[in-house]
Amino acid sequence: MKTTETLPHQYVLKQLPKATALVNKNSLLVDASDSWYAIFDDLLGPGKDIIHWYQNHLEIDKTKLKKYIGTSSGESFRHKKLVNGQEQWYESTCTPWFDEDENLQGTIIQTDDISQLMEKEQELDRITSLLKTKSEVAKVGSWEYNLETEELHWCEETQKIHEVQPDYQPTVAEAIAFYKQGYSRNRISMLFHKALENGTPFHEKLTIITKDGKERWVAAAGKAIRKNGEIHKIFGTFQDIDEQMMADKKIRESEQLLTTLIDNLPINVFVKDKDSRKILVNKAECDYLGTTPDTLLGKTDFDLYDEAVAQISRDEDLEVMRTQEPMIGKETINVRRDGTATNFLTSKIPLLDLKGKAYGLIGMSMDITHIKQKEDQLHNLINVTAIQNKKLINFAHIVSHNLRSHTANFSMLLDFLIRESDEKEKQRIMKMLFHASDNLLDTLENLNEVVDISTNVNLDKKSLNLSEHITKMQQNLSAFLEENQVEFENHVPDDMMVSSVPAYLESILLNLVTNAVKYQQPERRPVVELRAIKQDKNIMFSVTDNGLGIDLNRYGDKIFGMYKTFHNHKDARGLGLYIIKNQIEAMDGSISVSSEVGKGSTFNVYFNEETE
Amino acid sequence: MKKLNSIYIIDDDPITVFGLRKMLKTITICKDITDFENGRLALEALKRRIELKIPCPEVIFLDINMPIMDGWEFLEELVSLNIPEKIIINVITSSIDPIDYKRWNDFRLNCWHHLNFKNKPLYKLEVTDLSRVHLAS
């Protein structure tokens, strides 16, 4: 090639709309279209090395350019130019240039503005990478099956979930074989088949066994993609939901544990909302109310209990929610609609929402009725014991005092006797000693009588006809009664029965009637009235006299005491009432007195008729 | 021998009364020694004396446990009589109950009269029992 030859088509070249340049075998520009010169600078004109034109362009591998020019392959390369600070991308394609005889003349360079394409490519890159990141973060993979090629394609995330290498692409059969044998594998086969046949989409939670042998929960979904009405692809997602499923399972297990626990607690458990409606009840609570959870939910205490009880409970609820202080271990009494009362040990704990406001409460009630009953029994027992103890101490004092006074007399008299020389006086002292000895024996007998009652644990109570015993008493006392001209008014019904120890009934009748006569008014004929009335659990037997009467304000607490006498009477021992009180109490009965000085007294004896 | 005008013995036990009378003979000359079975009788006699303006007894021997009116009740009534003379009162009891001693002490501290406390058995009386205050023996 010498100089630039004038080519017949040169003018045509100049007008070509696509930027085109001709370069000879020596890399010199032969000529180019105006559009080509518009991209490159046309200041240089033809005949110069093509390299000069690309000098203002960036990202060009100049050795590549040299290599492409003069070869017969149609290579292309990209380059860019800054125009007013804007990047302008181009692509130049080199194709060989032949003459009529197929001799290589040089290279045809065609340059395209590819800025828009480059933008699109970059956008695609961005979207692709975004998708990848998304699928990585969400652990959602995808897959695609092409019906024509019968090829299955797994994305990177899907591969990761299966724990296979990035270059692994399975067949449909292989992919299905990853599912756990049994339900999961059968199910996916059927779903995939349906999607192929009818285009039915699916979304299912199943288990796979990864390549490393790990069992894993996945969510597999598929959807048919149609082209001209024909299914030509199945596209699907594939998600690792193992953690979620495990967490769900854990939650379900915890729930199960909690439910089992609450239901089997031997304590009534309930949760109430802020209007005190029950929103949770356990089995114990249902059993207690004799119904099912369904009927209890939504109910308030007013629907279930006595109104007074319900109001107390509601007030407690409000207080707990207002103060947000738990109520712990309070003793409460619940009365059900049927009237049965139960003692509970109740705790109420406020339920707070995330803002710290109470929206309800948890309640726990333990049935302590049995404990309460035991406690009451214990209290009664303590009371009985305390009374017994007091009696014993009192008795011990009486014994010690009475025995001491006799022994003191002995001691004193003996001391006199030793120092006495006068025989007559000695005789007198000896008489006194005998008297003291008799007194001591009497006292011992009296005490024995009292001890007998207190130690007689197994009392043989019998049902006795009261009238018969009164008649018997009258016979025994006939001389005494006649002597005193006693007038009897017996109002006791003939068939009245009392339950008593026979000897005690005799003693009671004897003592009360003798007392009534003994303490008579000097100028009045003694009248003794006897009555018996049946009461709820007792029979009240009363003896009324018209005698002296007793100042009860003064002696009230002492009248049944031992060795207490209130009238100056030669036969007063101060023992009769003490003994019958003990006898009556030993039979679980009681005795009381009413009296007016100068008018008379009434003694009421209550016989306990309850059978044990 | 101390000379006294009047002595009261208030006790329902004839043996104790006998003993006291016997013991008194050895230490005093007194023509008027009266015994009472209970506090009520003694109190009535005392009231009569006051009405008749006869001087009260200088010494009283007082038992605690008696029917009708016991020793303590008698003491209460006696205090309310506001007798100007100081009477020597020997409380005599076979009780060793500390409550009785405490009660005696309360009376002693709040009473115009001289109060002594004597536990049975008694063997001998001293002249001092008739003249001045003794604490518990």
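To find a chain, count down the sequence lines: A is the first, B the second, and so on, and within it residues start at 1. Remember, it's a predicted structure, so these values are computed and weren't measured experimentally.
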Task: Per-residue contact mode, A:Leu403 against chain B (heavy atom under 4.5 angstrom) - done: neither
TODO: Looking only at non-hydrogen atoms, find the nearest pair between A:Gly598 and A:Arg524 and report the distance.
DONE: O-NH2, 3.1 Å
- [ ] Verify the distance criterion only: is there a donor paired with an acceptor across the side chains of B:Asn90 and B:Asp129 at less than 3.5 Å?
- [x] no
- [ ] Apply side chain to side chain contact (heavy atoms under 4.5 Å, CB included) to B:Phe117 and B:Asn105, showing your working.
- [x] CA-CA 9 Å; B:Phe117 192 87; B:Asn105 203 32; over 6 Å; no
- [ ] Would you mind telling me which of A:Ala436, A:Ala408, A:Ser405 has the largest number of heavy-atom pairs within less than 4.5 Å of chain B?
- [x] A:Ala408
- [ ] Evaluate the ring planes of A:Phe541 and A:Phe607, with Trp represented by its six-membered ring, and classify them as parallel (under 30°), tilted (30 to 60°) or perpendicular (over 60°).
- [x] tilted
Open item on the list: Please classify the contact between B:Lys124 and chain A as side chain, backbone, both or neither, with a heavy-atom cut-off of under 4.5 Å.
Closed with: neither
